[in-house]
Amino acid sequence: MKDSGIKWIGEIPEDVALWRIKYLASFVKGKIPTSLNKDGVGMPYIGASEMNGRQPTQHTEDINIVRCDKNDVLILWDGANAGLIATSKEGAVSSTAVKLSVTSDSVNSLYLFYLLKYAEKYFRDKVNGTTIPHMNFEYIDDIPFLAFNYIDQQKIAAFLNDKCTKIDSLIAHEEATIEELESYKQSVITEAVTKGLDKSVPMKDSGIEWIGEIPAEWKVVRMKDLGRCRNGLTYSPNNLVSEDEGILVLRSSNIKNGKLSFSDNVFVNSEIKDELMVKAGDILICSRNGSRALIGKNALIPEKLKASFGAFMMIFRCKSPKYVQMILNSDVFSYYLGTFLTATINQLTADNFNNMKIVYCNDALEQEQITDYLEKKCAYIDNLVYIKQLKIEELKEYKKSLIYEYVTGKKWLNG
């Protein structure tokens with residue numbers, strides 16, 4: 001083995017040379033088609049979602065688009081995931097992506113993909129642009145290519161493709177199990193906050209189709225009957241400062257698994273009114289986001305915290321916050337979001353929130369019993385999810401190390 005002189009590659013076999021990508025492949029940036037449709041007519045439109053494994057939802061009949069074939073490598077050029085590497089499906093390349101087509105008979109495109117896939121995390125370090133992150137062509141041009149002979153490239157690519165497909169299948173299984181557990185947790189919460197724990201009590205019709213019957217002593221109320229919601233702070237990039245110079249502003253990234261997280265913080269030096277500072281017991285809710293799946297996700301402010309909350313968030317202040325948060329984690333958002341979200345705007349307005357109808361138990365002791373039951377039940381489910389997430393991380397790390405060891409010649413295939 002010899003030192004490659006490149007930190008992320010390390011040592012390589014003595015007889016393997018390093019070439020540059022620019023001598024082996026060409027770049028073609030995707031185009032915006034003149035028209036897109038969702039009826040499946042024309043070429044599939046391959047963008048960020050499709051590169052992440054989703055099936056194409058849009059197609060185009062534009063003959064001037066940039067076509068990609070099954071053997072091409074795609075690089076996501078712009079956006080939050082700039083630097084993402086994927087093998088292409090047959091279709092039209094999105095304007096946010098670049099097609100990397102092999103131009104040398106000495107290069108196996110699948111081997112090139114796996115080499116670049118390992119280098120992906122180093123691409124991310126080179127992403128620039130404050131408004132829209134984007135890659136740099138020159139950096140990709142100079143990525144080193146380990147010049148194994150073509151037969152060895154084929155063997156490595158075929159081996160990795162087989163192994164990685166199996167690992168991806170295991171990951172998909174774990175992810176599906178997590179989805180099932182999350183769905184089960186939501187159903188447990190919904191059952192408890194709409195039917196109660198005592199199945200022997202008299203029931204009555206709630207008048208709400210998705211809920212059905214409820215305990216006779218419970219009521220149907222609107223959120224505005226229980227408390228007050230408030231939209232968050234508007235600030236500009238000029239207000240951003242370091243932690244010791246400003247006030248923490250809570251955003252959607254500060255909510256993880258129904259609890260506050262402080263791994264991604266923003267601080268501002270704005271003058272903030274007391275009414276825009278969070279208080280213990282407030283329910284922090286994501287009210288606007290690019291992903292509609294995040295609308296409604298929430299966390300309880302558990303203790304006194306010196307912080308405000310951003311314009312894409314709202315807080316709800318009420319008498320029984322723990323119990324009300326359980327209600328908000330039931331199927332209530334799943335039902336109501338579909339009634340007011342549009343194709344272009346993912347937003348929960350204060351008016352929409354205030355007028356959401358829910359089932360409410362007025363008895364404080366019964367509320368406490370339901371909350372205690374759900375906290376224990378959800379903690380058990382969350383622990384199962386955590387174990388599954390650890391397994392997924394282990395599989396992903398194994399996949400990365402496997403790719404690294406074989407594309408750089410640390411391990412060799414015999415025969």
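Nothing fancy with the numbering, it's 1 onward along the sequence. None of the values given here were measured: they were computed from a predicted structure.
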With heavy-atom distances below 4.5 Å as the criterion, would you say the side chains of C68 and I46 are in contact? yes
Would you check, one step at a time, whether the test ring pair (Phe, Tyr, Trp, His ring centres under 6.0 Å) holds for F145 with Y111? CA-CA 10 Å; F145 178 86; Y111 168 76; 5.4 Å; yes
Donor-acceptor check, side chain of T234 to backbone of A311, threshold 3.5 angstrom: yes or no? no
Taking D72's backbone N and O only, do any of them form a donor-acceptor pair with S109's side chain (distance below 3.5 Å, no angle check)? no
Has K391 got more than 12 heavy atoms of other residues, nucleotides or ligands less than 6.0 Å from its NZ? no
Under a 3.5 Å distance rule, please check whether N354 uses its side chain to pair with a backbone N or O of D351 as donor and acceptor. no
Would you confirm whether N383, through its side chain, and Y380, through its main-chain N or O, come within 3.5 Å as a donor-acceptor pair? no
Worked check of salt bridge (charged side-chain N to carboxylate O under 4.0 Å, His left out) between K166 and D162: CA-CA 6 Å; K166 290 175 181 176; D162 177 64; 3.4 Å; yes
Closest heavy-atom pair, F309 versus L284, reported as atoms and distance to 0.1 Å, is CB-CD1, 3.8 Å
Check step by step if side chain to side chain contact (heavy atoms under 4.5 Å, CB included) holds for E366 and D198. CA-CA 10 Å; E366 191 172 3; D198 186 354; 5.8 Å; no
From H173 NE2 over to K388 NZ, what is the distance, rounded to the nearest 0.5 angstrom? 5.5 Å
Hey, does S263 have a side-chain heavy atom less than 4.5 Å from the side chain of K256? yes
Do S242 and D244 have side-chain N/O donor and acceptor atoms under 3.5 Å apart? yes
Is the backbone N or O of M314 less than 3.5 Å from a side-chain atom of N231, with the two atoms forming a donor-acceptor pair by type? no
Please indicate whether Y184 has more than 12 foreign heavy atoms, meaning atoms of other residues, nucleotides or ligands, lying under 6.0 Å from its OH. no
Name the atoms and distances for all side-chain donor-acceptor pairs under 3.5 Å in residues 204-220, with sequence neighbours left out.
unit_1: K204; atom_1: NZ; unit_2: A216; atom_2: O; d: 3.3
unit_1: K204; atom_1: NZ; unit_2: W218; atom_2: O; d: 2.8
unit_1: D205; atom_1: OD1; unit_2: G207; atom_2: N; d: 3.1
unit_1: S206; atom_1: OG; unit_2: I208; atom_2: N; d: 3.1
unit_1: S206; atom_1: OG; unit_2: I208; atom_2: O; d: 3.3
unit_1: S206; atom_1: OG; unit_2: G212; atom_2: O; d: 2.5

Any L328 side-chain heavy atom under 4.5 Å of F353 side chain: yes
Of the non-hydrogen atoms in K399 and D168, which two are nearest, and what is the gap between them? NZ-OD1, 2.8 Å
Ignoring hydrogens and geometry, is there a side-chain-to-backbone donor-acceptor pair from S287 to F312 under 3.5 Å? yes
In Å, rounded to the nearest 0.5 Å, how long is the span from CE of M277 to CG of L233? 9.5 Å
Smallest heavy-atom separation, M51 atom then L84 atom, equals CE-O, 3.5 Å
Just so I know, are the side chains of L240 and V268 near enough to count as touching, which here means a heavy-atom distance under 4.5 Å? yes
Side chain Q153, main chain F148, donor-acceptor under 3.5 Å: yes
Is there a side-chain contact between I358 and L226 in this structure, where contact means two heavy atoms from C-beta onward sitting under 4.5 Å apart? yes
I need the minimum non-hydrogen distance between I315 and V278, along with the two atoms involved. CG2-CG1, 4.2 Å
With rounding to the nearest 0.5 Å, note down the distance linking CD in Q58 to CG in L36. 4.5 Å
Could you report the tightest heavy-atom contact between S320 and Q367, atom names first, then the distance? OG-OE1, 3.1 Å
Carefully, step by step, assess F262 and L250 under the rule side chain to side chain contact (heavy atoms under 4.5 Å, CB included). CA-CA 9 Å; F262 301 102; L250 299 172; 4.2 Å; yes
Do the side chain of K199 and the main chain of G196 share a donor and acceptor less than 3.5 angstrom apart? yes
Any chance CZ of R20 has more than 12 other-residue heavy atoms, nucleotides or ligands included, within less than 6.0 Å? yes
Around I32, counting heavy atoms of other residues, nucleotides and ligands shown, do more than 12 lie under 6.0 Å from its CD1? no
What is the minimum heavy-atom distance between Y235 and S270, and which atoms define it? CB-OG, 4.0 Å
Could you please spell out the steps behind the side chain to side chain contact (heavy atoms under 4.5 Å, CB included) verdict for T371 and E375? CA-CA 6 Å; T371 302; E375 284 181 339; 3.8 Å; yes
Could you check T96 against L76 for side chain to side chain contact (heavy atoms under 4.5 Å, CB included), going step by step and ending with a plain yes or no? CA-CA 6 Å; T96 62; L76 194 60; 3.6 Å; yes
L365, CG: over 12 other non-hydrogen atoms inside 6.0 angstrom: yes
More than 12 heavy atoms of other residues, nucleotides or ligands under 6.0 Å from CD of E90: yes or no? no
Does S4 use its side chain to pair, donor to acceptor, with the backbone of E11 at less than 3.5 Å? no
Does a sphere of radius 6.0 Å around NZ in K357 hold more than 12 heavy atoms from other residues, nucleotides or ligands, not counting ones at 6.0 Å or beyond? no
Give a yes-or-no answer on whether the side chains of N52 and S49 include a donor-acceptor pair shorter than 3.5 Å. no
Would you indicate whether K319, at its atom NZ, is surrounded by more than 12 heavy atoms from other residues, nucleotides or ligands within a distance under 6.0 Å? no
Just wondering, do Y386 and N257 contact through their side chains at under 4.5 Å, heavy atoms? no
Starting at CG of N37, measure out to NE2 of H59 and round the result to the nearest 0.5 Å. 7.5 Å
Taking side chain as C-beta onward, heavy atoms only, is Y118 less than 4.5 Å from L160? no
For K279 and D274: C-alpha separation, side-chain torsions, deciding distance, then whether salt bridge (charged side-chain N to carboxylate O under 4.0 Å, His left out) applies. CA-CA 10 Å; K279 302 183 186 303; D274 182 64; 3.5 Å; yes
So Q347 and N352, do their side chains get closer than 4.5 Å, heavy atoms only? no
Distance, nearest 0.5 Å, that separates CD1 of I85 from CG of L112: 9.0 Å
Between N108 and L110 (side chain of the first, backbone of the second, donor and acceptor by atom type, cut-off under 3.5 Å), is there such a pair? yes
Nearest 0.5 Å, please: how far is CD1 in I301 from CG in L260? 4.5 Å
E275 meets the salt bridge (charged side-chain N to carboxylate O under 4.0 Å, His left out) criterion, sequence neighbours left out, with R230
